[in-house]
Amino acid sequence: MDLRFPSGCDIAQHDFADILETIHAEVQLRFGEGRPADYISALATVPLDGFGMALVLRDGQVFEVGQSRRPFTIQSISKVHTLTLALDAVGDDLWERVDREPSGDSFNSLIQLEYEKGIPRNPFMNAGALVVADVVLSNCGDARGRLLEFMRSRSGNADVACDEEVARSEAATGHRNLALAHFIKSYGNLHNPVEDVLDFYYLQCSLSMDCVDLARSVQYLAGNGHCSVSGRDVVSGELATRINALMMTAGTYDAAGDFAFYVGLPAKSGVGGGIVAVVPHVLSLCVWYPGLDDKGNSLLGRYALHRFSRMTGLSVF
Ligand code: GLU
């Protein structure tokens, strides 16, 4: 297998085990920084003393460090997977209902929805993810089963399941998501009942996975659409490229510019503290640290990705 980065960088030159150990040593000095996602009560008390990181090469080889096998709820990282299911089901018709522009606003913002007539800016802010969830519900039969099957086969972990306590907690405090869903529905851009869309959305956010699972789960985006974990072609190479482009421009909310600047890799974060990132054609990775910055991205996760891209030179720029 050709493991060369398109820029000509030969990944065999990198000692990934050593690089991950170095990053691990550095982040431990900063444990305690950031704040957990305290608007979800089940996440409010997570201690800020754990960090995990895993990367998966295209041939399936895994490098990992810290608490890389500790499960956490994947939250908005799931938006990558539901977007994949929705695009697989309805293709470019999705773009009639969701735009592809960065928002510059927070992940749960309502602001643009009114003057853009219920069309969310992108599939990765909560508003866009609710429309994507609606498309999956309408077009994927048993949507819950389909999503679980997708996650289990992409990650190679047959035990991936929903953390019911977190799902209940999200539903109990999800006033903004309820408002977003009703607002979008008022423009006719949700076809299923609001309650069904939110139930599915909270299921996807509350899936419990670890860094290795998650790095594997986006391996198809590093593999030109091919997932070596399951041996399947998940999407076309062109679609993988497009999803990576959306992750680069909108995957980390209103910090996407900073991510491009400091990390230079397509990435998707979740308020559970996880961030997945992709080095196209080379590898996928996941970091976890539950303390968030003011944009809702894992503070040390972002630092770790920054250090990784600097130490390896693996940036798309
Ligand atoms: N379940 C979270 C919410 O709806 C997801 C947000 C995120 O991970 O960014 O608020």
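Quick note: numbers below take in every heavy atom, side chains included, and nothing from hydrogens, waters or symmetry partners. For ligands, and for the atoms within them, numbers begin at 1 and follow the listed sequence.
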- Message: For atom 2 (C) of ligand 1, what's the nearest protein heavy-atom neighbour? Residue, atom name and distance, please.
- Response: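 Protein heavy atom with the smallest distance to atom 2 (C) of ligand 1: Q75 OE1, 3.2 Å.
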
- Item | Nearest neighbour in protein (non-hydrogen) for atom 3 (C) of ligand 1 |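 For atom 3 (C) of ligand 1, the nearest protein heavy atom is Y39 OH, 3.3 Å.
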
- Do R216 and D213 meet the salt-bridge criterion of a basic N to acidic O distance under 4.0 Å?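 Salt bridge absent between D213 and R216.
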
Taking both backbone and side-chain atoms of [X], is any N or O found less than 3.5 Å from an N or O belonging to ligand 1?
X: Y253; value: yes
X: C205; value: no
X: Y202; value: no

- Option among I77, T252, L83, V132 that satisfies the side-chain contact (heavy atoms from CB on, under 4.5 Å) test with F124: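 The option that passes is L83.
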
- Query: Other than V56, what residues sit in its cluster of Ile, Leu, Val, Met, Phe, Trp and Tyr side chains whose heavy atoms are under 4.5 Å apart, directly or through others?
  - Reply: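 Traced through the cluster, V56 reaches V62, V212.
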
Applying a 4.0 Å heavy-atom criterion (strictly less than), which segment of [X] is in contact with ligand 1: side chain, backbone, both, or neither?
X: N108; result: neither
X: S76; result: both
X: E170; result: side chain
X: N126; result: side chain

- Task: Applying side-chain hydrogen bond (donor to acceptor under 3.5 Å, both in side chains), name anything that partners T249, two or more places apart in sequence or on another chain.
- Result: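 Listed in chain order: nothing, the list is empty.
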
- Item | I19 and T312: CA distance, side-chain angles, deciding distance, side-chain contact (heavy atoms from CB on, under 4.5 Å) verdict | CA-CA 8 Å; I19 288 168; T312 58; 3.6 Å; yes

- Can you say whether the rings of F16 and F308 are parallel (under 30°), tilted (30 to 60°) or perpendicular (over 60°)?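 Taking F308 first and then F16, their aromatic rings lie parallel (interplane angle under 30°).
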
- Query: Above 12 or not: heavy atoms from other molecules or residues under 6.0 Å from OH of Y262?
  - Reply: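 For Y262, atom OH is not crowded (no more than 12 foreign heavy atoms under 6.0 Å).
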
- Task: For G270, take its heavy atoms, then give the atoms of ligand 1 lying under 4.0 Å from any of them.
- Result: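 Selected atoms, number and element: 8 (O).
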
- Message: If the cut-off is 4.0 Å to any non-hydrogen atom of N177, which atoms of ligand 1 fall inside it?
- Response: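 Within the 4.0 Å cut-off of N177, ligand 1 contributes 3 (C), 4 (O), 10 (O).
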
- Can the ring centres of Y289 and F51 be said to be less than 6.0 Å apart?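 Not close enough - the centres of the two rings lie 6.0 Å or further apart.
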
